K.L.:
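Sending over a structure as C-alpha cells; questions will come in a sec.
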Amino acid sequence: MTQTPTLYAAYAGHLNTALDALEAAGTLPAGLARGNVTVEPPRDASHGDLATNAAMVLAKGAGTNPRGLAEALVTELVKAPHVTSADIAGPGFINLRLAPEAWLNELLAIGTMGGDYGRSDSGRGTTVNVEYVSTNPTGPMHMGHCRGAVVGDALASLLQWAGHTVIREYYINDAGGQVDVLARSVHLRYREALGEVLEIPDGLYPGEYLIPVGQMLAAEFGNTYVSAPEAEWLVPFRTRAVAAMMDMIKADLALLGVHHDLFSSEAALQAAGKPEEAEAWLRAHDLVYDGQLEAPKGKTLDDWEPVELPLFRSTRFGDDQDRPIKKSDGSWTYFGADLAYHFQKAETADALVDIWGADHAGTVKRIKAAVAAMTLGAGREKPFEVKLVQMVQLMKGGAPFKMSKRSGNFVTLADVVEMVGKDVVRFTMLTRKPEAQMDFDFDKVVEASKENPVFYVQYAHARIRRNLRKAADEGLTPSPQHIAMLGAEECDLIKVAAQFPRLVEAAAAAREPHRVAFYLYDLASAFHSYYNLGNDQPEKRFIVAQNAELSAARLYLATQIGQLVKNGLAILGVEAVEEM
RNA sequence: GCGCCCGUAGCUCAGCAGGAUAGAGCAUCAGAUUCCUAAUCUGGGGGCCAUGGGUUCGAAUCCCGUCGGGCGCACCA
C-alpha cells in the first residue's frame, strides 16, 4: 500500500514526535509505554478537533502530574502542521484545533485514494482464517444461519481492508450421523421417484428439497438399490446427497453475496488420517488419556453407563470436564475431528476466527483448549477467537415466527432474500452487535422505508450520484482546484469522513463489522444534514448559480463523500446504488 | 446445579481496548416543503447506564456478589 498517512494517523505520529522531544529534553523518562495513548476526536466537538490523553496516561510513569506534563507537551504539539491552538482541559486532556487546510488536505487524500481510502496495513499482511456458516449439509440455509453468514463475510472483508490476508473457510460436516440420516432420507425419495408411495418416518428429513435428489439418483442408478441392503447404497447415496446439498447451500449463500475461498470436508480430513495424527501428538504430550466420562449434571439420564473413552485434558485449560475424542464404537466424536481440523487450520494461518451460533457456546472452551494445547505445545502460539453470534428471533407482525427444522417447514434464507433483498438482510444483520439477541421482523423490514437504515445510507449515495449526473448535464465537473472556497459546514462533513480509516482499523482489531454500519449511518446523516442546508439557502447547494468554481469544489466534496459511502458499503457487502 | 451471552430514554439499539455534560432512530411535542426527489431536515421534553460492593486521577465500560432475560450442559452436531 501507500502513501501519506491519513489524518488521525498523521497526528498520532506528530504526537510521538512531540513525546520524543520531551524525552530528549529530559522532561519525560525514556521508554514509557505509549500503548494507551490515543489521538481521537473529542466527544464534544466544541472542545476542538483532536484530543489526546497522553499527559494523563504518562504522568504516573513520569512521576509528575498530568497538567504539568500537558503544559510541556503543548509547547511541542503546537509545532505540528496546521495546529492553530492546543488547550489543556479537564484532568489533563490536550485539545487541538486544526486549520481548515488540514481537513481540505484530507479531502484531497480521499480523492487520491478513492476506493482504497480506509484501507490500512495495520494487519501487516498476517493471514487470518475466518470460518463461518459451516451449516450441516442436510438442507437449504434457513434464517437461523443467516446472521453468522453475514457477520462472518463482513468481518472477512473488514480484515482485508485492515491489511490482513484472509481465508474464508467453510467446514463441511459430512462425516457424522446426520449425513447418514440424509442418505436414508434420500433413499426414500429415490424409491418415490421410481413410483413407490411412501410416508416419511420420524427421524428422517422430510423436506421436499430432497425430491429432486431422489430423481437424480433414480436416473443414475435405475432400480439397482431399491431393495438392496443399506450397506450397499449408503456411501454412494450419501456422497451424492451431500454434494447436492452443498450446491444448494452455495446457491443460497450466493443470493446473499457470500462466497468462501475454501471448503474443507470433515470426511476428507478423517480419510487423510488427521484425527489420528492429532491423537498421537496429544497422547505423546499427555493431553489425551483413556478414562471415564462423568455423568452429565443437571439432568437425569436413564440409559447412562460409564464407559472408558479417550479423553482430552481440557480441564487443564479451564474446561469443566475432560472431553472424549472418540465414541465407544471407535469413530471420532465431532470434537475429536474438529480438534484435528483446527490443528490443520493453524498450520496455514497466523490467526483463527470461528463464527458460531450461540447454541454452540457450550463447546467453546474445549476447542479453545485444544487449539491452545496444540499450538502452544508445537511452539507456535496462534491467536484463536470464537465469535458467538446470538439467535435471531424471527417475527411477523410483532409475534414470534416459529421455525422447525424437523418438520421441514422452516423459513429459508432464499425466501427472505427474495422478499426483502440482499442488501436489507445484510445491513439489518449488521446493525446490532453480534453477541446481542435480535428480532428480525418481516413486516418491519419489508415495509422498511423510513425506519430502515440501509435505505438512508444508500440514499445518501444515490443522492450524490444523481446530483453529479445533473451537474454533468449542466457542464459542471467536480474539481479540487478551488476547494479553499469550502467553508465551515463542508469542513464539518469532512471531519466525519476523516474518521473512516481509524474506524476501519478499530473495527477490524475488535472483529466488529457492525461498527462500520453504524458509522455509515452517521456519515449519511451528516451528509443529508449538509445537503438540506440548500433547501432554504440556494447559495449552499452543490450547484451554485453563477459560481462554477465553488460548484466544482462542492461537487468534488460530494464525489468523495459518495466514494466513502461506497467504500463502507463494500466492506459490508451492500450495493451502493445509483438511483432509488 | 454449572457454563456462556445480554440488561443503557416509553420502544429498538449505539457507546470507538477506562476519559470530559451518556448518544441515535422510532414514538411524543413544536416547526420547516412553489424543495438540488420529504426515502429529508431543525428544535424541545424524556436516563440513579438492572442492583450492591471493589479497582484508580477517572467506570456504562474492568473485577466480585445479587436480581432479571436468553442459549447451552451425551459418546448429538
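Quick note on labels: first sequence line is chain A, next is B, and so on, each numbered from 1. Remember, predicted model here, so these are calculated numbers, not experimental data.
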K.L.:
Expressed in whole Å, how much space separates the C1' atoms belonging to B/C36 and B/C41?
P.N.:
14 Å
K.L.:
Whole angstrom is fine here: how far is it from OH in A/Tyr456 over to C1' in B/A24?
P.N.:
10 Å
K.L.:
What orientation do A/Phe527 and A/Tyr530 show, parallel under 30°, tilted 30 to 60°, or perpendicular over 60°?
P.N.:
tilted
K.L.:
If you measure from the Lys or Arg side-chain nitrogens to the Asp or Glu carboxylate oxygens, is any gap between A/Lys495 and A/Asp49 under 4.0 Å?
P.N.:
yes
K.L.:
To the nearest Å, how far apart are A/Ile325 CD1 and B/C75 P?
P.N.:
13 Å
K.L.:
Got a second to check how far A/Tyr171's OH is from A/Asp174's CG, nearest 0.5 Å?
P.N.:
8.0 Å
K.L.:
Using whole Å, what does the distance between atom P of nucleotide B/C36 and atom NZ of A/Lys470 come to?
P.N.:
7 Å
K.L.:
Please state the P separation for the pair B/G65 and B/A74 - nearest whole angstrom.
P.N.:
24 Å
K.L.:
Between A/Ala524 and A/Thr333, which has a closest nucleotide on RNA chain B that is more 5'?
P.N.:
A/Ala524
K.L.:
Any base atoms under 4.0 Å from A/Tyr521, or only sugar-phosphate, or nothing? Heavy atoms, all strands.
P.N.:
sugar-phosphate
K.L.:
Could you work out, with side-chain hydrogen bond (donor to acceptor under 3.5 Å, both in side chains) as the rule, every residue matching A/Gln270, not counting sequence neighbours?
P.N.:
A/Glu266
K.L.:
Answer yes or no for this row: A/Tyr531 ring on B/U40 base, centroids under 5.5 Å, planes under 30°.
P.N.:
no
K.L.:
So, is A/Lys365 close to the B/G3 phosphate, meaning a side-chain N or O under 4.0 Å from OP1 or OP2?
P.N.:
no
K.L.:
Starting from P on B/G72, measure out to CZ on A/Arg323 and report it in whole angstrom.
P.N.:
16 Å
K.L.:
Of all the choices, B/C41, B/C71, B/A77, which nucleotide is nearest to the side chain of A/Lys327 once you look at every atom?
P.N.:
B/A77
K.L.:
Measuring from the side chain of A/Asn532 (C-beta onward, heavy atoms only), which nucleotide among B/G72, B/C36, B/U40 has the closest atom?
P.N.:
B/U40
K.L.:
Would you find a donor on one side and an acceptor on the other, under 3.5 Å apart, between the side chain of A/Arg554 and the backbone of A/Arg541?
P.N.:
yes
K.L.:
Contact class for A/Gly177 (heavy atom, under 4.0 Å): base, sugar-phosphate, or nothing?
P.N.:
sugar-phosphate
K.L.:
Rounding to the closest angstrom, what is the interatomic distance between B/A9 and B/A60 at atom P?
P.N.:
15 Å
K.L.:
Does any N or O in the side chain of A/Asn65 come within less than 3.5 Å of the main-chain N or O of A/Gly68, such that one atom is a donor and the other an acceptor?
P.N.:
yes
K.L.:
Let me have RNA chain B in dot-bracket notation, would you? Count Watson-Crick plus G-U wobble pairs, both distances under 3.5 Å, and use [ ] for pairs crossing earlier ones and | for inter-strand partners.
P.N.:
(((((((..((((.....[...)))).(((((.......))))).....(((((..]....))))))))))))....
K.L.:
Hey, does A/Thr363 reach any base, or is it just sugar-phosphate, or nothing, if we go heavy atoms under 4.0 Å?
P.N.:
base
K.L.:
Between the side chain of A/Arg283 and the main-chain N/O of A/Ala278, is any donor-acceptor distance below 3.5 Å?
P.N.:
no
K.L.:
Any idea which of B/A77, B/C36, B/U56 is nearest the A/Asn467 side chain?
P.N.:
B/C36
K.L.:
Please write out the pairs of protein N or O atoms and N or O atoms of nucleotides 46-51 of chain B separated by less than 3.5 Å, giving the distance to one decimal.
P.N.:
none

K.L.:
Using atom C1' of each nucleotide, how far apart are B/C71 and B/G25 to the nearest Å?
P.N.:
28 Å
K.L.:
Is any side-chain heavy atom of A/Met429 closer than 4.5 Å to a side-chain heavy atom of A/Val392?
P.N.:
yes
K.L.:
What about A/Ser328: does its side chain form a donor-acceptor pair under 3.5 Å with the base of B/C75?
P.N.:
yes
K.L.:
Just how far, in rounded Å, is P of B/U56 from CG of A/Leu58?
P.N.:
19 Å
K.L.:
I'd like the P distance from B/C2 over to B/U28, given in whole Å.
P.N.:
46 Å
K.L.:
A/Tyr334 has an atom OH; how far is it from atom P of B/C76, in whole Å?
P.N.:
11 Å
K.L.:
Check side chain to side chain contact (heavy atoms under 4.5 Å, CB included) between A/Phe263 and all other residues, then give those that pass, not counting sequence neighbours.
P.N.:
A/Tyr170, A/Ile172, A/Met246, A/Lys250, A/His260
K.L.:
Once the angle between the rings of A/His528 and A/Tyr456 is folded into 0 to 90°, is it parallel (under 30°), tilted (30 to 60°) or perpendicular (over 60°)?
P.N.:
tilted
K.L.:
Expressed as a whole number of Å, how far does the P atom of B/C73 sit from that of B/A27?
P.N.:
41 Å
K.L.:
Would A/Phe542 and A/Tyr531 count as a close aromatic pair, with their ring centres under 6.0 Å?
P.N.:
yes
K.L.:
Taking the P atom of each, how far is B/A50 from B/U8, in whole Å?
P.N.:
6 Å
K.L.:
How does each nucleotide of nucleotides 14-21 of chain B score, in 5' to 3' order, for protein heavy atoms under 4.0 Å: base (B), sugar-phosphate only (S), or none (-)?
P.N.:
SSBS-BB-
K.L.:
To the nearest angstrom, how far is A/Leu339 atom CG from B/C75 atom P?
P.N.:
14 Å
K.L.:
B/C4 P sits how many Å from A/Lys387 NZ, rounded?
P.N.:
16 Å
K.L.:
Could you tell me which residues satisfy side chain to side chain contact (heavy atoms under 4.5 Å, CB included) with A/Ser529, sequence neighbours excluded, listed by chain and number?
P.N.:
none
K.L.:
For RNA chain B, whose closest nucleotide is more 5', that of A/Asn535 or that of A/Gln178?
P.N.:
A/Asn535
K.L.:
Just do the side-chain hydrogen bond (donor to acceptor under 3.5 Å, both in side chains) check on A/Tyr341 and A/Glu169 with the steps written out, would you?
P.N.:
CA-CA 12 Å; A/Tyr341 169 59; A/Glu169 186 153 341; 2.8 Å; yes
K.L.:
How far, in whole Å, is B/A14 from B/A59 if one measures between their P atoms?
P.N.:
24 Å
K.L.:
Is A/Pro41 close to A/Tyr8 at the side-chain level, that is, under 4.5 Å between some pair of heavy atoms?
P.N.:
yes
